[in-house]
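Beneath this line is the structure, given in structure tokens, with notes to follow.
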Amino acid sequence: MLASVALFFSTLVFGQETGKVEIKGVVKDSKGIVIQDITITEKNTTNVAATNATGEFTIRVRSASATLVFSGVGFQTKETKVEEGKTFSIVMAEDVKELSDVVVVGYGTQNKAKITGAVSSVKMDDILGDRPVTTTQSLLQGAVPGLQVTINSGQPGASSNLNVRGGTSFGSSLTSGFNTASPLILVDNIPLNGPLNLIDPNDIETVTVLKDAGSAAIYGARSAFGVVLITTKKGTKNQKAQFNYSNNFVFSTPTNLPKKASPLQMVQSLIDGGRTGYYAGQDLATWKQLLQEYEANPGKYPLGSTAANNVFYQLAPTDAVEDLLGNNAFQQMHNLSITGGSDKTTYRISLGATDENGIIVPSVKHDNYTRYNLKSFISTDVTSWFNAQVDASYYNSMNTSPYYSNAFGDATNFPSFLSLDSIPGITGVIASPKNTVAMTAASTSRYDDIRLTGRVILKPYKDLSITGEYSFDNLRNLATDYDQKVDGLLNPYTLTAGSLGSSLFQKTNTLTDYRTLNIFGTYLKKLNGHNFTLMGGFNQESKYYEQEVLSKTMMINSGIPSISTGSGIVNGTDNYSEFATRGFFGRLGYDYNGKYLVELNGRYDGSSRFPDGHRWGFFPSGSVGWRLSEENFMKSLKPVLSEFKLRASYGTVGNQNIAEYQFFGGMNPTQPFWYNGGSSVITLNPPGLISPDFTWETVSTLDFGANFGLFKNKLTGAFDWYQRDTKDILSSNDTPVPATLGTSAPLINAASLRTKGWEAELNYKDKIGKVSYFIGFNIFDYNSVVTSVNNPNKLLSQLYVGKNMGEIWGYVTDRFYTVDDFVAGTLDGNLKNGTLKTGVPKIGGQSPNPGDIMYKDLNGDGVISQAGNTLSDAGDRKIIGNNTMHYQYGIRGGVSYMNFDFSFVVSGVGQQDQWRADQLIFPNYWQTYGSLYAHQTNYWTADKANSNPYYGRIYTDAAGGTAQTFNQNVQTKFLQNGSYLRVRNLTLRYNFQVAMLKKIGIKRLSVNYSVENPFTFHNLPDGLYPDVTSIGSTAGGGLGYPFMMKSSFGLNLSF
Amino acid sequence: MKKNILTIALLILVFTACKKEYLDKKPIDQLTDATAFITYDNFKTYTWGLYDYMSGYGNSANQYPGTFTSQEFNSDNFSQTLTGGQSAYATGSKTVPATAGGATSSQQVSGWNFSYLRRVNIMLDHVDGSEMSQTDKDHWRSVGYFFRDLRYYDLIAAFGDVPWIDHALNINDTTALYAERTPRDVVAKKVLDELIWAESHIKTTGDGPNTINVHVVRALISRFGLFEGTWRKYHNLPDANIYLQACADYSQKLLTSFPAIMSSYDDVYNSEDLTGKAGIILFKQYIANATINNSSTNINPAVVRYTGSTNWYADVPKDVIESYLCTDGKPISTSAVYAGDDSMFAVFRNRDRRLYFTIIPPYRVKISLPQASPYVNFTADANPNYAEFINLLNALPGNTNKKLPLQAQSPSMQLGNTIPDIPHFAAYTNSLSNMPTVVAVPQVVTRLGYYFWKYYNRLPQDNGTNNTADCALFRIEEVMLNYAEASFELGSFTQTIADQTINKLRARANVAAMNVAAINAGFDLKRDPTVDPVLWEIRRERRIELFGDGFRFNDLKRWKKGTYLNQNPLGVKIKKADYGNKVTIDGTGTSGYVKFFNAVNGWDDKFYLEPIPTQERVINPKLTQNPGW
């Protein structure tokens, strides 16, 4: 394979010319160390040479007045005129790009110093390093101020949610609250369709985030909430083929699993909750006694269980969570790339392979993420004014995960006194979460993505360049779900046999075609310090989506599921959607001597998502910048203040990110639950209400920013303040309509939202002796408020003017009800069923007992209620917190000494409230099948009443939604603190001496040891992380897929 | 030159790409109301979706007998034996809901929910504009009326006054949207008028077997007429007789069309196919291994075969058991053959056969190991008396489903989970017979001892706990009871009517016929003295025949007998020592009635009508709240 690739490239390298004048020299770096593999080119020829291991080179040039170009990876390119007979000693400066960097912006690039919008850019190599991380989004967490990356699961291949600058729109439903819409993600100027997972981080050169309208608006239709530009790595001209290989071998272990209370504590809690017996006929008093004996002398019951009165009693503690998740997993990643180029052609080919196992057993079958990437890029100058490029990528990923997702909820609810193994005297396998997963099928999801892009760049006249590019992206997803039927499982609670699964096999085939056409031209003009840039272009995109779902039940053999091998009734549906956008855009840039900067953008956009006649909108934006540091009056400060720029931008972008066909009262076919003569029938759903004239949402952003560099840019920083107004938000449940309407209100432009926020970053790098180091810090925050919505009564069930994004309404916890609150003599022996004294507040319809939680009667009406549930009549609820992630930050740093590099990445959230109600928060949360955790034993009982326990009274045998749940209403006492700090990565790398390696033809070799997620500091009970959401639909639950701590060994090799 | 050509070519590409249709994207797979209501078959297609309002036993796998029994939990028929599980109407803990929504399927306490009405109205709005003959238009209008009025029946039952909406509203129809509630008198009259119109315009045979036809419309008139007529009578509203007469008239027509009933009471509830069965007017089909919309949870065998072990808690208070007549046609208070209630065996002796099909009769067997497929081995208990009802059920003619000992789950289970004895208390699941196993049998456990098993069967379905027995939605037995009761309220109940109705049911239940002349004040010593003795017997028959089918709560409300909920839900009489002193009884003695809840006394007359959600009254201030809330 490799050989054929190499052969392929060798044909690309053009034949070399030679000249008559021989020039010799040596190339060193700024420290005086010789550099190998610097390419020396005679300018405007194909005449090339390279330095050898001692930094020396020889080149024959055609003319004594030739210019030599020195270039090499990691160094700034340098040009020198030849002087015949002279031996050159060239010192090449390391390529410290920083402020002189060129940054990719909309339809072009821009010198970083001249940027006037709110733009942040990171180099992937900086944030990737040697981290054992498989996905791009994980790397972006904490890396870019203003870019919020949410990943709620440690599962291999877990998806993510990206958001730029907070609250954006409402989506289709106001009652669901705010939306944090995703930014537009483009890879090399072409929208990305599939999950971000599909892109191998090793193929990425830079990630640029355009945050304000001034910079993003040029992308029009889908850029309203920011743009993420991903630029992939390319070849370099006049470079010999360079092979780079890196790998990681990773051992993963789960972090932070919850710890269950002991069997004795568990039994006691059931007794305290009012139970006397358990499901398999156990008598709780007997069980308690046996457990006490067992704890005192485990040798008495060597089996860890016993039978008494013909009833089975488990005595040894079990841990279903540990059983399911407490496993080690293995992961490996390999990446090989070949880069190079002649003076006309450059190329890069890369191959990546990732195989990540999860920790659910048996991992390979049920919990795995595998990905292969192949990417190739070729660019060639056909003529001096015509460049053609081909970019072809293929991605393939395969994800397996347990179909039986309830395993998470089951494991969480599984008390520590239930057997996970066999039961003496009974045949059958206990349906423990682990066994259930192991015995049932896995869901699979396979992605195939082919992206083909052809691009021509014409430079027909001086200063004018025209680019035309067309891209076809074909994404396929093939998913299977199989609810495998398994017989002979013993119910762990009742110890009776049963079966699981409906034998439904389902296959989902999804196809998405995405086509993009961009044609744009750029004209540059310089006149006496006045620099003009004029850019104009055309863009159109279309998407076609179709999905087929087929299912069948009754597999002939439960181990061989397919549509053909099922004997049940086949069921099939399909659905389709399409959209198209088209836009004309233009940009005028002007600067005077790089000091005064002005940019104006305009875009005229059309979208198929709007009704005819309302499709087009014009969206202008502009920005200005002033580089004070370039002014004469600042000259004296230059040694200290190397760079100082003030920026301002304002602009409006249209948002069309709503479901397709909202102007069309479609009636979807569906199957009713009614059979006619033994056959299923098809019916149509009633159409929703439509509004004929809705149109674009508009998003206006005002941004003020500053960039500075101090001490020769050793210390750099940026700050931005912004205000973003989303107006005419498209929403259906915008107006509280009477239920008599019988449906929700149609989608109309209805509301507005204002987000204010700020972002800051600081970077410092320096060298002390042989130790060089850097540290970077970024932080951002925002707050979004509803500024208009049609909710005149300010109903709290809808958005209302003044509502803050993420606000949590709840009761104020007062205290526990005590015996004194009840009429003397009315309480029974268990301190239940008493009559409350008059004047003691309670929730209407509830009958509290001593030990239940009493809420403060804020409105003094004697009853705890939501009253009218409006802002002015909120009853006894108030805003008790806010679940927006405030003060999100990231810190990166590193130290190099000799051949050692050390780096770290930290990120976190400074302030957040969370309301969580689940089994890991409340003891015996699911009354009938709940369990108790080690941190939950401090609940109210009659004898603990005076010691002020943390939790209220528990009920273990109550009907759902009554006796216990009102102790778990949203309230101040159990509001959780969601702030955290996570050390994401620590890496130690050793770089081998070049001299040692050169003999075997290796240019660079390093080995590294890296730890991902070694520490997290947070405030939640064991087993929970603020950023992990729970999995599974079983009541109770709370457990999510834990983040894994990954220890990795890897090497990085160039030859 | 080449440069210019290429540049121009790119620019031309821009213009050629610029077709206007590029942005015209319409759905590929959707119809609109302009294209979906043209032909007869179009209406048929749309109308299938309306049938779902009658959800019968429920719509997904592993559901307990859905809508039917949820209503029974509100009433005095069932007692949900969990802390906090009592009927909110009995404990007085019912509160005003904050937002609209809630139940919108037949035979539940309706929520303030108008989405189904919209669905029906969309169809009715398009009848006139379709390309059908007048006869077909009339037919579909009739079918639409049936569904609209089926929904209004539930809305009236819940709220009394309720907005009358007879077309699909738009957001601009503010007059209708923000209107006051329409008075009950008006709405009920419209419902009756529409149904009568539909009865004379619908195709007699509907759209094929088991569709809405003239009989189904009549059955709804019968049900609604009785409901509204008696409600009006007992809640002192005018015009009761109009509705009662409608009930009587249309019931009579149905009795002519459906002269017979199925021979076994149990088969009404536990037949794989009710097609063409005697007395079945409309039923919901269940089919094995069919899925709905590719969802593993929407597999449409609906009911668990066994009525649960740990989540069911549908205990039946002894008040219900005592309502069943003895075989001599007399209540337990006066019957000569009643054997008393010192044991559950005695209680069940010489009773209405429907009791055996509804509540598991008592027995004891001895389980032997190993437990093996298909059914567990068991042997008779040493005491032959414990087999009394095993033998009785075996001897019942045509009985295939209700056999003892009870197998908690289906034959495909590796373990059959035979229940060794009934009553089988949650607090004491060890067998009274000696059972050589390390596992007590924690299934089919009760708190009170009387366990509901009406939907239990042994149909040969091999899918574990699911059940595909069809569900009767309208059947002649209910119509008979409607007719008997309406006739009585109209003063026209006679022995002839009794023979046409109640005595047909009694014959099937092996109970002596009702002799109207013999019923006097002393006929039942436990009668509610405010109810006429004959009416008391008619109501009793209704409670027994329709027990578990979700009628009782509405019956209590229309009779204005909510106070029946104020009761002490006691169970079987036991000796405490027999159950290791673990089962709680009422009182302090060594034997007595099993008790789980204390007596409740929370019925409030405001419960006759449901409260309007708070938020709806904020949005539309013209909505008045029902009295007392």
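Quick caveat: nothing in here was measured; it's all calculated off a predicted structure. So you know, we letter chains A, B, ... as the sequences are listed, proteins then strands, and number each from 1.
With a threshold of 4.5 angstrom between heavy atoms, A:Thr740 approaches chain B through its backbone and through its side chain. Heavy-atom distances place both the backbone and the side chain of A:Ser542 under 4.5 Å from chain B. In this structure, chain B has no heavy atom under 4.5 Å from any part of A:Ser305. In this structure, the portions of A:Asn575 lying under 4.5 Å from any heavy atom of chain B include both its backbone and its side chain. With a 4.5 Å cut-off on non-hydrogen atoms, A:Tyr544 touches chain B through its side chain but not through its backbone. Only the side chain of B:Ile122 comes within less than 4.5 Å of a heavy atom in chain A; its backbone stays farther off. If you measure heavy-atom distances from A:Tyr313 to chain B, you find no contacts under 4.5 Å at all. Interface residue B:Asp33: backbone and side-chain heavy atoms are both found under 4.5 Å from chain A. With a threshold of 4.5 angstrom between heavy atoms, A:Ser567 does not approach chain B through any atom at all. Proximity to chain B is limited to the backbone of A:Thr581, based on heavy atoms less than 4.5 angstrom apart. For A:Asn685, the parts lying under 4.5 angstrom from a heavy atom of chain B are both the backbone and the side chain. Within the 4.5 angstrom heavy-atom criterion, no atom of B:Asp207 approaches chain A. If you measure heavy-atom distances from A:Asn833 to chain B, the contacts under 4.5 Å come from the side chain alone. With a 4.5 Å cut-off on non-hydrogen atoms, A:Phe579 touches chain B through its backbone but not through its side chain. Only the side chain of B:Thr95 has a heavy atom closer than 4.5 Å to any heavy atom of chain A. Interface residue A:Leu741: backbone and side-chain heavy atoms are both found under 4.5 Å from chain B. Only the side chain of B:Pro163 comes within contact range of chain A, with heavy atoms under 4.5 Å apart.
When A:Leu684, A:Asp481, A:Asp612 are compared by the number of non-hydrogen pairs under 4.5 Å with chain B, A:Leu684 comes out ahead. Of the listed residues B:Asp52, B:Thr211, B:Thr275, the one with more heavy-atom pairs under 4.5 angstrom with chain A than any other is B:Asp52. With respect to chain A, the highest number of heavy-atom pairs below 4.5 Å among B:Thr91, B:Thr47, B:Asn210, B:Asn170 belongs to B:Asn170. The greatest number of non-hydrogen atom pairs below 4.5 Å with chain A, out of B:Gln615, B:Gln86, B:Met123, B:Lys44, is found for B:Gln615. Ranked by heavy-atom pairs under 4.5 Å with chain A, the list B:Arg617, B:Lys582, B:Lys94 is led by B:Lys582. Between chain A and the options B:Asn620, B:Ile165, B:Leu31, B:Thr614, the largest number of non-hydrogen pairs under 4.5 Å is found for B:Leu31. Your options are B:Val162, B:Leu50, B:Val618, B:Asn121, and the one with the most heavy-atom pairs under 4.5 Å with chain A is B:Val618. Of the listed residues (A:Gly277, A:Ser680, A:Gly678, A:Gly606), the one with the most heavy-atom contacts under 4.5 Å to chain B is A:Gly678.
Under the rule for a salt bridge (Lys or Arg N to Asp or Glu O under 4.0 Å), the partners of A:Arg609 that lie at least two apart in sequence or sit in another chain are A:Glu660.
Under the 3.5 Å distance criterion, with hydrogens and angles disregarded, a donor-acceptor pair is assigned to the side chains of B:Asn113 and B:Ser115. Side-chain contact of A:Glu578 with A:Ser608: a donor-acceptor pair under 3.5 Å is absent, judged by distance alone. Side-chain atoms of A:Gln671 and A:Asn571 include a donor-acceptor pair closer than 3.5 Å.
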Item to complete: Could you give me the CA-CA distance, side-chain angles and deciding distance for A:Tyr493 and A:Tyr278, then say whether side chain to side chain contact (heavy atoms under 4.5 Å, CB included) is met?
Response: CA-CA 8 Å; A:Tyr493 294 87; A:Tyr278 205 62; 3.4 Å; yes

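Taking a cutoff of 4.0 Å between a charged side-chain nitrogen and a carboxylate oxygen, A:Asp873 and A:Lys794 do not qualify as a salt bridge.
Panel note: side chain A:Arg615, backbone A:Phe610; a donor-acceptor pair is recorded below 3.5 Å. B:Glu616 contributes a side-chain N or O that, together with a main-chain N or O of A:Ala739, makes up a donor-acceptor pair within less than 3.5 Å.
For the pair A:Val681/A:Pro672, a side-chain contact is recorded, criterion being any heavy-atom separation below 4.5 Å from C-beta on. At a threshold of 4.5 Å between non-hydrogen side-chain atoms, the residues A:Phe505 and A:Thr553 do not count as touching.
Here the two rings, on B:Phe37 and B:Tyr46, have centers that are under 6.0 Å apart. Separation of the B:Tyr116 and B:Tyr53 ring centroids falls under the 6.0 Å cut-off.
Annotation: cation-pi geometry satisfied between B:Lys25 and B:Tyr22 (NZ/CZ under 6.0 angstrom from ring centroid, within 45° of ring axis).
For the residue pair B:Val96 and B:Ile612, the shortest heavy atom distance occurs at CG1-O, 3.4 Å.
No more than 12 heavy atoms of other residues, nucleotides or ligands shown are found within 6.0 angstrom of NZ on A:Lys507.
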